[in-house]
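Predicted model, so just to flag it, every value in this text is computed and none were measured. In what follows, chains are A, B, ... by sequence order, proteins preceding strands, each numbered from 1.
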Amino acid sequence: IGSHTKLDDDFMDELEEVLFSSDIGVDITMRIVNDLRRDVKKNLLKDTSEVIGFIESELVSIVRGAKVEPVDATVETKPYVILVIGVNGAGKTTTIGKIASRFTARGESVLLAAADTFRAAAIDQLATWAQRSGSDLVSHKNGSDPSAVVFDALKAARARGCDVLIADTAGRLHSKVNLMEELKKVKRIISRELPGAPHETLLVLDATTGQNAVSQARIFDEAIGVTGIALTKLDGTAKGGVVLNIMETLKIPVKLVGVGERIEDLRPFVPEDFVHAIFS
Amino acid sequence: NLSDRFEGIVKRIQGLHKLTEENISESMREVRMALLEADVNVGVVKKFIADVKQQAVGVETMRGVNPGHQVVKIVHDELVKTLGGQTEKINFAERGPTVILMTGLQGSGKTTTTAKLARNLSSQGYRPMLVSVDIYRPAALEQLKVLGQQLDVPVFDSTVDMDPIDICRQALDALKQTGCNVLVVDTAGRLHIDDNMMDELARIRQTVNPTEILFVADSMTGQDAVTAAREFNERIGMTGVVLTKLDGDTRGGAALSIKQVTGAPIKFMGVGEKINQLEVFHPERIAGRILG
Ligand SMILES: Nc1nc2c(ncn2[C@@H]2O[C@H](COP(=O)(O)OP(=O)(O)OP(=O)(O)O)[C@@H](O)[C@H]2O)c(=O)[nH]1
Ligand SMILES: Nc1nc2c(ncn2[C@@H]2O[C@H](COP(=O)(O)OP(=O)(O)OP(=O)(O)O)[C@@H](O)[C@H]2O)c(=O)[nH]1
Ligand SMILES: [Mg+2]
Ligand SMILES: [Mg+2]
């Protein structure tokens, strides 16, 4: 797209294709393309680089719409509770390891709750991350009630004076009513035990996911409220453009970005970098 | 759904004798939008629409049949045909043990599908053995061992300090000794742009010489489905595709994208987290979902 200089139909078609391929979706793409055609007609945009700039600023303004509180803000209430949710395989457990290590790196104590009591070796996986990040772990046997694990973890966090409690949950498809009910119960237990908690409900989304991410965000938000999104696997070739739709329609901010499988592969979400990557 | 979207457009085609490029252009635009909303890759949509136009243009409108419905039927049939009209089976070795290699991006469902496959193979009378060469993901080896135990299927005892190629060689030896006749190799999730990991996968393939390479893809993947599928196909090869998490509400357009760019048959669908939730691929069902 950088090789075009004339604002002709070829350029517009290619631009539309770039926007679609980043998973921005039909609505936002068509809106941008229509605004563009109108401005080009009025001779408000003279060349291709102006067009890219126009689109980038339009996209950044969508992203800026949501108000952002960083996930690892200074911990004021103790324990600061983060509930991590999302569909199967999105990267929840790995992201928890990364977040935990950012807290422990600045001297805060972290307790992890292994509330994925269903999947094979889920507890072992989290235990490894607890070890790597210098966090404590509360877990029960496989097959036990996730709400019971979270309840115990909260008790332990308060007894030990932990700064942060991060609860890992089992992957679940938002379309499964019984699994969403299980999640609501986990949240109820947390709020009842510690009013105001969870302080952060983080939805983990895989950047390779298409438009289904919108219904994931909407349904998880309707069920228990989502305060932030962690967008994982941005080190791949997927652009994760679907979060623009989510930020615009649901006002949920993307707070973190996963860029790899190692403990240090976590970055804060930077709107300009994110939008710029769509065109690079 | 697509028929509803055609409501207004149909009136314009009504009363015409033939479908022409002109009188179906509006319906083709609706189809394009529906496919893009369903996550079909934009380049794949272009080619698909071109193929549909080839099928549709010149077709006589049938008396008593709503032309819009006729167009929908042409689109639906072309979609089913592209997705793979018939059910395909696992390629078993002509003689000696069969090796099946599982490949794919991170979190797509390879390990779970490996176990589901083992259960299917056992029920068909085969004696499968499983092995994981994922020495990277925390507790990956444990995950497969736990699943193997649930099925009472042997899992080669690999450990994280072993080299993946050595694990393969030792597992092949163990296969001979235990009298198992199918080895399913679970690999670590990897990015198609990670040269080191793609090279490793190529070496694994070379070592185990599989007759079946299954690319396991998450059915909710968006536009990027083509990029990974193409790379895996070119660098490693694939004889079949498994689409996972189809028990969700995703439209599943990735199915069309992957099939069109690789030509590899979609063989199985993961329809749940439980070990018995693997089904043979049904193109008509997926076509219906994609068209909405
Ligand atoms: N390349 C890359 N891989 C990632 C990233 N985040 C997670 N992964 C990988 O994605 C796979 C799934 O990660 P998990 O943390 O197990 O995902 P999960 O959401 O906890 O999965 P379930 O608990 O089974 O639902 C693993 O192979 C991770 O290493 C990322 O930012 N980049
Ligand atoms: N609902 C549903 N979940 C699935 C399906 N297949 C796999 N899963 C879940 O998806 C998540 C990831 O599955 P894994 O088998 O660990 O994926 P993987 O490809 O081996 O992951 P990596 O080894 O990290 O690349 C787990 O929570 C599985 O239970 C499916 O068909 N439906
Ligand atoms: Mg997990
Ligand atoms: Mg795995």
Side-chain angles (χ1 to χ4, degrees), chain A residues 13 16-27 29-30 87-94 97 118-129 131-132 142 170-176 179 206-213 215-216 219 232-233 235-242 260-261, chain B residues 32-34 36-43 45-46 105-112 115 136-150 188-194 217-228 231 244-245 247-254 272-273 275:
Chain A
D13 286 346
E16 198 178 281
E17 211 153 299
V18 166
L19 291 174
F20 273 124
S21 342
S22 64
D23 283 314
I24 289 182
V26 173
D27 294 342
T29 299
M30 294 324 289
V87 302
N88 309 72
K92 299 176 290 300
T93 306
T94 308
F118 169 74
R119 211 207 66 213
I123 298 172
D124 293 306
Q125 186 186 7
L126 189 67
T128 306
W129 284 112
Q131 197 181 46
R132 288 180 183 180
N142 226 27
R172 72 201 63 229
L173 294 181
H174 49 296
S175 48
K176 305 214 162 159
L179 296 183
D206 184 329
T208 66
T209 306
Q211 298 309 304
N212 193 251
S215 87
Q216 289 175 26
I219 294 180
T232 62
K233 308 177 198 172
D235 47 317
T237 48
K239 306 290 184 179
V242 66
E261 304 187 70
Chain B
R32 177 170 185 259
M33 286 301 136
L36 287 170
E37 286 168 3
D39 286 326
V40 182
N41 174 272
V42 59
V45 171
K46 211 175 194 165
L105 298 175
Q106 289 88 348
S108 65
K110 298 172 293 299
T111 305
T112 309
Y136 311 98
R137 167 174 157 154
L141 304 180
E142 282 83 344
Q143 187 184 358
L144 190 63
K145 285 172 186 164
V146 166
L147 294 171
Q149 273 166 10
Q150 288 177 9
R190 70 202 62 221
L191 293 178
H192 46 297
I193 53 173
D194 184 337
D218 191 324
S219 61
M220 51 180 131
T221 308
Q223 296 286 313
D224 199 54
V226 294
T227 329
E231 268 314 288
T244 62
K245 309 175 201 174
D247 44 316
D249 60 2
T250 189
R251 295 272 292 275
E273 297 185 68
I275 219 154

Checklist outcome for this item: Separation between CZ (A:F20) and NZ (B:K46), nearest 0.5 Å, reads 11.5 Å

Checklist outcome for this item: Here the pair of heavy atoms bringing B:E37 nearest to A:V26 is CG-CG2, 3.6 Å

Checklist outcome for this item: Note: vs chain A, highest number of non-hydrogen pairs under 4.5 angstrom among B:T244, B:L191, B:L105 is B:L191

Next on the checklist: Counting heavy-atom pairs under 4.5 Å with chain B, which one of A:L173, A:N88, A:T94 comes out on top?
Outcome noted: A:N88

Could you list the donor-acceptor pairs under 3.5 angstrom formed between side-chain atoms of residues 141-148 of chain B and any protein atom two or more places apart in sequence or on another chain?
residue, atom, partner, partner atom, Å
B:Q143, OE1, B:R137, NH2, 3.3
B:K145, NZ, B:D157, OD1, 2.8
B:K145, NZ, B:S158, O, 2.9

Item to check | Under 4.5 Å from any heavy atom of chain A - which part of B:R190 | outcome: neither

Checklist entry - What pairs with A:T93 under side-chain contact (heavy atoms from CB on, under 4.5 Å), at least two apart in sequence or on another chain? => result A:Q125, A:L126, A:W129, A:D168

Checklist entry - Checking heavy atoms, do the side chain of B:T250, its backbone, both or neither come under 4.5 Å from chain A? => result both

Checklist entry - So which part of A:E261 gets closer than 4.5 Å to some heavy atom of chain B, the side chain, the backbone, both or neither? => result side chain

Checklist outcome for this item: Cut-off 4.5 Å, heavy atoms of chain B, and the answer for A:S215 is side chain

Checklist entry - So does B:Q150 have more than 12 non-hydrogen atoms from other groups sitting under 6.0 Å from CD? => result yes

Next on the checklist: Pair B:E273, A:L179 - check side chain to side chain contact (heavy atoms under 4.5 Å, CB included), show working.
Outcome noted: CA-CA 12 Å; B:E273 297 185 68; A:L179 296 183; 4.2 Å; yes

Item to check | B:D247 portion near chain A, given a 4.5 angstrom heavy-atom threshold | outcome: both

Next on the checklist: Between A:T237 and B:D224, do the side chains contain a donor N or O and an acceptor N or O under 3.5 Å apart?
Outcome noted: yes

Checklist outcome for this item: Ranking B:G107, B:G43, B:G253 by heavy-atom pairs under 4.5 Å to chain A gives rank one to B:G107

Next on the checklist: Within the structure provided, determine whether A:T232 and B:Q106 are in side-chain contact (heavy-atom separation under 4.5 Å).
Outcome noted: no

Checklist entry - By a 4.5 Å heavy-atom criterion (distance strictly below it), what part of A:V242 contacts chain B: side chain, backbone, both, or neither? => result neither

Item to check | Interchain contact, A:K239 with chain B, by part (heavy-atom threshold 4.5 Å) | outcome: neither

Next on the checklist: Using heavy-atom distances under 4.5 Å, tell me whether B:I193 contacts chain A through its side chain, its backbone, both, or neither.
Outcome noted: side chain

Item to check | A:D235, part contacting chain B, at a heavy-atom distance under 4.5 Å | outcome: both

Checklist entry - Once you round to the nearest 0.5 Å, how far does CE of B:M33 lie from CE of A:M30? => result 4.5 Å

Checklist entry - For chain A, which of B:A140, B:G189, B:A139 has the most heavy-atom pairs under 4.5 Å? => result B:A139

Checklist outcome for this item: Heavy atoms of A:D23 and B:Q223 approach each other most closely as OD1-N, 2.9 Å

Checklist outcome for this item: Of A:G236, A:A121, A:S21, the largest count of non-hydrogen pairs under 4.5 angstrom with chain B goes to A:S21

Checklist entry - Once you round to the nearest 0.5 Å, how far does CG of B:D249 lie from CD1 of A:I219? => result 5.5 Å

Item to check | Considering all heavy atoms, the nearest A:S175-B:G248 contact | outcome: OG-CA, 3.6 Å

